[in-house]
Amino acid sequence: MTAYVQSTPTGTPPATRELSYAEAIREALRQEMRRDPRVFLLGEDIGVYGGAFGVTGDLVHEFGKERVRDTPISEQAIAGMAIGAAITGLRPVAEIQFSDFITLSADQLVNQAAKMRFMFGGKISVPLVLRTPAGSGTGAAAQHSQSLEAWFAHIPGLKVVVPATPHDAKGLLIAAIRDPNPVIVFEHKLLYRTKGPVPEALYAEPLGQALVRRPGKHLTIIAYSVMVGRALAAAEHIAQEGIDAEVIDVRTLRPLDEATLVASVCKTGRVLIVHEAVRTGGFGGEIAARLAESEAFDFLDAPIRRLAGREVPIPYNRTLERSAVPQVEDIVAAARALAQE
Amino acid sequence: MIELLRQMELIRAFEEMAEQLYVRGLIHGTMHLSIGQEACAVGAIAALEPRDFILSTHRGHGHCIAKGADVRRMMAEFMGKETGYCRGRGGSMHIADVEGGNLGANGIVAGGLPIAAGVGLSLKMQGRREICMAFFGDGAANEGAFHEALNSAAIWRLPIVFFCENNQYAMSMSVREAFPGIDISARAAAYNIPGITIDGNDLLAVYDAVSVAAQRARAGHGPTLIEAKTYRWRGHSKSDRNLYRTQEEIEQWKARDPIARFRRLLIDEGILDAGRAAELTQAVKAEIAEAVAFAEASPEPDPASMEDEVYA
Ligand SMILES: Cc1ncc(C[n+]2csc(CCOP(=O)(O)OP(=O)(O)O)c2C)c(N)n1
């Protein structure tokens with residue numbers, strides 16, 4: 001595993017250094033492709049263009065056009081080809097350029113990849129990864145800014161990953177590539193340039209394990225993807241007012257680590273669930289219901305609260321776009337109100 | 001040659017029995033019979049090597065049998081039994097025989113075509129000598145997945161045979177109404193690959209066309225689009241009242257029965273005599289009867305095991 005750690009000119013490589021979320025993903029891809037010749041990439045403009053968000057960068061120069069394969073604009077074929085390759089011995093990592101276009105791949109993901117193993121009585125597995133940029137905040141408006149993760153978390157047979165940090169982007173992607181099931185990784189566009197410590201070594205973060213990002217006593221804020229950072233910022237803010245919030249990063253929606261969420265709410269007695277996707281049918285509803293059904297219910301000192309995107313398509317105008325999804329100040333206000341309930 | 005006749009007869013007998021069992025309530029859900037189309041399945045798969053892959057359709061019983069599936073385990077699957085190919089989880093519309101190279105029937109029209117492109121891509125990238133054949137109907141040729149799959153396969157010269165069973169109807173939609181007055185194979189020109197239309201009721205014509213296409217695929221020259229003109233005698237599925245076609249039309253096509261035609265050819269050529277032919281038919285009937293007995297005697301799946309195979 002350490003064989004692929006690159007040495008720096010000084011000779012001794014640091015174990016960890018700062019990488020952006022995009023660089024961390026690229027490093028995961030590069031290291032897994034070096035480790036396992038079955039891993040290959042396919043998607044639109046991922047080769048010499050380097051990916052619409054620069055994620056795949058220069059990988060084509062190391063691995064060639066066969067393993068970093070530019071496809072025509074054919075989202076259904078990208079997903080379907082990943083399935084075909086996965087069931088005959090390869091480990092495809094497909095990219096859908098914007099997660100909104102996943103609608104065009106939906107049949108292959110929902111009706112084919114997710115169900116194949118079950119329908120065929122366990123005789124086959126579908127080890128594919130589909131990476132895709134999600135979320136708003138780039139001014140790209142309604143057809144390039146959605147958060148559709150709840151759709152796929154609804155489907156048995158799929159796994160859904162929503163990394164919030166560069167460290168997790170790398171570790172969860174490696175786990176996804178090694179997982180024998182179809183995994184969809186929603187990467188947030190606003191996170192691609194955020195930086196954080198990332199170990200050089202190959203490491204896999206387990207799928208299905210939430211993380212307490214900040215311990216606290218008075219309430220629990222449950223978040224994922226871009227909202228984790230905002231929740232942490234909000235928690236620091238209210239800490240000055242004497243409200244000590246615990247922040248949990250869900251990390252994978254399916255499988256869901258219910259135990260960590262329940263344990264936290266049992267401890268704090270109050271919970272605020274935050275996500276960017278709209279409230280109606282959003283994954284927060286699922287988390288709220290699971291908590292209400294669990295032993296945490298008896299510990300609740302206030303109703304479960306959700307803070308979600310407004311019930312609109314993402315608008316183009318910057319002010320409107322910003323106010324369509326939870327911001328730090330919204331989380332502060334919601335957490336403060338909850339603490340006083 | 002006699003084996004090919006036997007396979008066609010086995011498919012016919014299997015489907016006639018499945019139809020009876022459906023009427024008797026032993027098989028549920030829906031069912032799409034390929035009676036009248038047997039020469040396509042048998043002729044096409046006979047031109048492949050045993051290790052080659054196929055992807056099938058909702059009308060895939062014939063493909064499954066021709067690919068070498070055990071009719072006992074197929075019948076068990078149709079009855080939803082634990083001994084079935086998919087442990088009773090798939091049924092007729094999702095049957096697969098992964099070890100036999102059948103990567104599955106499909107309930108989504110054209111759903112298998114992008115997957116076939118991926119299988120072809122994978123075989124090519126691994127330098128393997130197997131090829132992949134994707135069966136689909138005329139209706140599937142009007143799905144976007146058809147275009148995406150053929151285009152991708154063509155630009156990368158993937159080892160695939162796209163085999164369209166043009167049985168004249170997609171449910172009630174006739175090819176006369178659904179296509180702008182062209183052969184489906186003409187679409188191959190748009191992908192710069194060979195396209196050929198053949199008589200899908202002529203087993204040898206099917207065999208020959210697929211042999212050429214398979215050789216081409218194996219040699220690294222890329223995919224071929226084959227359109228086999230055929231006809232389904234039965235309704236689309238079990239709910240079909242046949243309001244969109246005439247009895248005369250059905251009778252005309254029945255007169256072109258691919259099985260009777262091939263049997264006659266074998267007898268005319270002196271390869272088979274009437275006595276052997278009758279024996280063959282009897283043996284096939286006995287095999288189907290045994291399959292039914294096996295399926296009926298097989299256990300139901302245990303609901304406690306239901307979630308076992310959602311994830312690997
Ligand atoms: C995407 C999709 N649309 C519609 C259907 C319903 N349906 C099932 S089979 C069928 C007709 C398919 O026609 P064709 O592809 O010609 O195959 P055939 O039934 O003639 O073998 C239809 C409309 C479906 N299963 N999937």
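Letters A, B, ... mirror the listed sequences (proteins, then strands); counts begin at 1. Quick caveat, the model's predicted, so the values are computed rather than measured. Computation of the quantities below employed the complete heavy-atom set of this structure, encompassing side-chain atoms and omitting hydrogens, waters and symmetry-equivalent molecules.
Note: B:E148 leads B:R87, B:R89, B:E148 in heavy-atom pairs under 4.5 Å with chain A. Most heavy-atom pairs under 4.5 Å with chain B, from the set A:P72, A:S125, A:G121, A:G89: that is A:G121. The candidate from B:G90, B:G88, B:G111, B:G120 with the greatest count of non-hydrogen atom pairs under 4.5 Å with chain A is B:G111. The candidate with the highest count of non-hydrogen atom pairs below 4.5 Å against chain A, out of B:I155, B:L55, B:L121, is B:L121. If you tally non-hydrogen atom pairs under 4.5 Å between each of B:L123, B:D308, B:N106, B:L113 and chain A, the highest count goes to B:N106.
Annotation for B:E296: atom CD counts as buried by contact number, over 12 foreign heavy atoms lying within 6.0 Å. Heavy atoms from other residues, nucleotides or ligands lying under 6.0 Å from CG of B:N192 number 12 at most. Within a 6.0 Å sphere centred on CZ of B:R157, heavy atoms belonging to other residues, nucleotides or ligands number 12 at most. Within a 6.0 Å radius of NE2 in A:H154, other residues, nucleotides and ligands contribute 12 heavy atoms or fewer. Counting non-hydrogen atoms of other residues, nucleotides and ligands closer than 6.0 Å to CD of B:E49 gives a total above 12. By the neighbour-count criterion of 12 heavy atoms within 6.0 Å, atom CH2 of B:W156 is densely surrounded, having more than that number from other residues, nucleotides or ligands. By the 6.0 Å contact criterion, CZ on B:R51 is open, its count of non-hydrogen atoms from other residues, nucleotides or ligands being 12 or less.
Proximity to chain A (any heavy atom under 4.5 Å) is shown, for B:V310, by both the backbone and the side chain. For A:R69, the part lying under 4.5 angstrom from a heavy atom of chain B is the side chain only. In this structure, the portion of B:Y85 lying under 4.5 Å from any heavy atom of chain A is its backbone and not its side chain. Interface remark: B:A117 contributes backbone and side-chain atoms alike to the contact with chain A (heavy atom separation under 4.5 Å). Interface remark: B:E82 contributes no atoms to any contact with chain A (heavy atom separation under 4.5 Å). Contacts between A:L128 and chain B at a heavy-atom distance below 4.5 Å are absent for every atom of the residue. For a residue to count as touching a neighbouring chain, one of its non-hydrogen atoms must lie under 4.5 Å from one of that chain's; by this rule A:L104 does not touch chain B. Neither the backbone nor the side chain of A:R91 comes within contact range of chain B; no heavy atoms are under 4.5 Å apart. Looking at A:E66, the atoms closer than 4.5 Å to chain B (heavy atoms on both sides) sit in the backbone and in the side chain alike.
Among residues 109-119 of chain A, the residues having any heavy atom closer than 4.5 Å to a heavy atom of chain B are, in sequence order, A:N111, A:Q112, A:M116, A:R117, A:F118, A:M119.
Using modelled atom types, one side-chain atom of B:S122 and one backbone atom of A:T88 make a donor-acceptor pair closer than 3.5 Å. Counting only distance, with no hydrogens or angles, the side chain of B:Q126 and the backbone of A:R38 share no donor-acceptor pair below 3.5 Å.
When all heavy atoms of A:Q76 and B:P114 are compared, the closest pair comes out as O-CB, 3.8 Å.
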Side chain to side chain contact (heavy atoms under 4.5 Å, CB included) evaluation trace for B:Y311 with A:K159: CA-CA 9 Å; B:Y311 294 98; A:K159 294 188 177 182; 3.7 Å; yes

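With rounding to the nearest 0.5 angstrom, the NE2 atom of B:H94 is 8.5 Å from the CZ atom of A:F120.
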